[in-house]
Amino acid sequence: MAPEKDDLEDKPEGATLSTNASQNTVTEGDTVTFKCKVMAAVPQVSVYKFYFNAGLLSGNSNSEYTLNNVNLSQHYGDYHCVPHNDAGDGAEATVRLNINVPVQFTEVPQNITVNTSTPLFLNCDATGFPEPKIRWEKSGIHLCGTKQLNISSSSTNDAGEYVCIASNGVRQEKTVRAYVTVQYPPTIQNVTTSSKKSWIGQTVTLKCLSDGLPTPTLSWYKPEGSEINRVRARENKVQVPLRGDEDFGHYKCIAANGIIPSHEKLIKINQISK
């Protein structure tokens, strides 16, 4: 007795679902292809039904399904394949698609100017999946691994370029840079005169050298207190004619740049009697 037709038909068995991505993990923006296979099916599979979570994606004779420009919020999750032939649906196969997201900065540090002894804060943040790690460097030296770089009392050594580095193992790490300017009070480094002793009718040259940020304003004053001249520069060089007795004594250079304290130095010119 010949077997009935239905006795020769079996639903698809041994279905497996895989992707062309290593460990079923892709990077956002990539393309991924799912492939459904069966170990046995009589008759052969006529329809491969692909589902994402509970929603039907595709149902035709193609055993592959391709997603373009994958997105974490839209495409992460479980994908299913249900093979079908004339005998019915076979058991479903499932695979979870993992989607990594490269680092993107959500907050970047800004160039800032601070005064010495004041706090210094730089902020940096980024998104991505896995969650990014943040680290700070200056001149190639690791400073910290927090989103905020905090220096409680800044000094001139803290001036320079700071680099925030964000990484999560997906593609290349990203960097952003900020420059810190540290202002400091003025200092008069040296005051000189072309001659410490002179007489009426002569001219002496006074020179005042300074440092400070912003650049200081340097002012020379006569012994009786009147201002000779004022310049914003590292150096103030003046010619002083000695016309009378009142032009001998202590000359004063004052350096100021708006940051307390200012600085001053004296230099004395002695009178030689003829």
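Being a predicted model, the structure only gives us computed values, none of them experimental. Any value given below was found using the heavy atoms of this structure, including those in side chains, with hydrogens, waters and symmetry copies removed.
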Test ring-ring contact (aromatic ring centres under 6.0 Å, His included) applied to [X] - qualifying residues, sequence neighbours left out:
{"X": "Phe52", "result": "Tyr79"}
{"X": "Tyr221", "result": "none"}
{"X": "Tyr65", "result": "Phe50"}

Working note: Met39 + Glu13, criterion side-chain contact (heavy atoms from CB on, under 4.5 Å); need CA distance, chi angles, decisive distance, verdict. CA-CA 6 Å; Met39 293 183 63; Glu13 296 178 353; 5.6 Å; no
Only counting residues at least two apart or in another chain, list the ones meeting side-chain hydrogen bond (donor to acceptor under 3.5 Å, both in side chains) with Asn100.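 Scan of Asn100 (side-chain hydrogen bond (donor to acceptor under 3.5 Å, both in side chains), adjacent residues dropped) gives none.
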Main chain of [Y], side chain of [X]: is a donor-acceptor contact present, judged purely on distance under 3.5 Å?
{"X": "Asn257", "Y": "Tyr184", "answer": "yes"}
{"X": "Ser139", "Y": "Ile141", "answer": "no"}
{"X": "Glu28", "Y": "Leu72", "answer": "yes"}

Pair listing, ring-ring contact (aromatic ring centres under 6.0 Å, His included) test, anchored in residues 121-169, at least two apart: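 For residues 121-169, and leaving out neighbouring residues, there are no ring-ring contact (aromatic ring centres under 6.0 Å, His included) pairs at all.
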Among residues two or more places apart or on two chains, list those pairs meeting ring-ring contact (aromatic ring centres under 6.0 Å, His included) that have a residue in residues 235-270.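 ring-ring contact (aromatic ring centres under 6.0 Å, His included) check on residues 235-270 returns no pairs.
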Within one Ile-Leu-Val-Met-Phe-Trp-Tyr cluster: [X] and [Y], side-chain cutoff 4.5 Å:
{"X": "Ile112", "Y": "Val182", "value": "yes"}
{"X": "Val231", "Y": "Val240", "value": "no"}
{"X": "Ile254", "Y": "Ile267", "value": "no"}

Are side-chain N/O atoms of [X] and [Y] paired as donor and acceptor at under 3.5 Å?
{"X": "Thr19", "Y": "Asn24", "answer": "yes"}
{"X": "Glu224", "Y": "Ser226", "answer": "yes"}
{"X": "Gln44", "Y": "Asn85", "answer": "no"}
{"X": "Thr33", "Y": "Thr66", "answer": "yes"}

Under 6.0 Å from the [atom1] atom of [X], do we count more than 12 heavy atoms belonging to anything else shown?
{"X": "Lys147", "atom1": "NZ", "answer": "no"}
{"X": "Lys237", "atom1": "NZ", "answer": "no"}
{"X": "Lys35", "atom1": "NZ", "answer": "yes"}
{"X": "Lys37", "atom1": "NZ", "answer": "no"}
{"X": "Glu131", "atom1": "CD", "answer": "no"}

For residues [X] and [Y], report the shortest heavy-atom separation together with the two atoms involved.
{"X": "Arg96", "Y": "Asp78", "result": "NE-OD1, 2.8 Å"}
{"X": "Ser210", "Y": "Ala233", "result": "OG-O, 3.9 Å"}
{"X": "Asn168", "Y": "Pro130", "result": "ND2-O, 3.0 Å"}
{"X": "Ile188", "Y": "Cys208", "result": "CG2-SG, 3.8 Å"}
{"X": "Gln239", "Y": "Pro241", "result": "O-CD, 3.6 Å"}
{"X": "Thr193", "Y": "Val204", "result": "OG1-CB, 4.1 Å"}

Would you call Arg234-Asp211 a salt bridge at under 4.0 Å N-O?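 Yes, Arg234 and Asp211 are salt-bridged.
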Determine, for Asp30 against Arg171, whether the closest basic-nitrogen to carboxylate-oxygen distance falls under 4.0 angstrom.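 Here Asp30 pairs with Arg171 in a salt bridge, since their nearest N and O are under 4.0 Å apart.
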ILVMFWY cluster membership beyond [X] - transitive side-chain contacts under 4.5 angstrom:
{"X": "Leu56", "value": "Tyr51, Val82"}
{"X": "Ile260", "value": "none"}
{"X": "Ile165", "value": "Val163"}

Qualifying salt bridge (charged side-chain N to carboxylate O under 4.0 Å, His left out) pairs, either residue in residues 156-170, two or more places apart: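 Passing the test, one end in residues 156-170: Glu161-Arg177.
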Got a sec, which pairs hit disulfide (SG to SG under 2.5 Å) with one end in residues 15-119, sequence neighbours left out?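 Listed by first then second residue: Cys36-Cys81.
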Give the intermediate values and the outcome of side-chain contact (heavy atoms from CB on, under 4.5 Å) for residues Val101 and Val170. CA-CA 7 Å; Val101 182; Val170 182; over 6 Å; no
Run the side-chain contact (heavy atoms from CB on, under 4.5 Å) check on Gln104 and Lys174 step by step: do they pass? CA-CA 8 Å; Gln104 291 290 337; Lys174 291 193 174 182; 3.1 Å; yes
Could you pull out all residues at least two apart from Val108 that satisfy side-chain contact (heavy atoms from CB on, under 4.5 Å)?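 Testing Val108 for side-chain contact (heavy atoms from CB on, under 4.5 Å), a comparison that skips the adjacent residues, returns Phe105, Gln110, Val176.
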Walk me through it: do Gln271 and Ile200 pass the test side-chain contact (heavy atoms from CB on, under 4.5 Å)? CA-CA 8 Å; Gln271 184 176 11; Ile200 292 175; 3.6 Å; yes
Applying the side chain to side chain contact (heavy atoms under 4.5 Å, CB included) test to Leu206, which of Val238, Thr192, Asn236, Val191 qualifies?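 Only match with Leu206 under side chain to side chain contact (heavy atoms under 4.5 Å, CB included): Val238.
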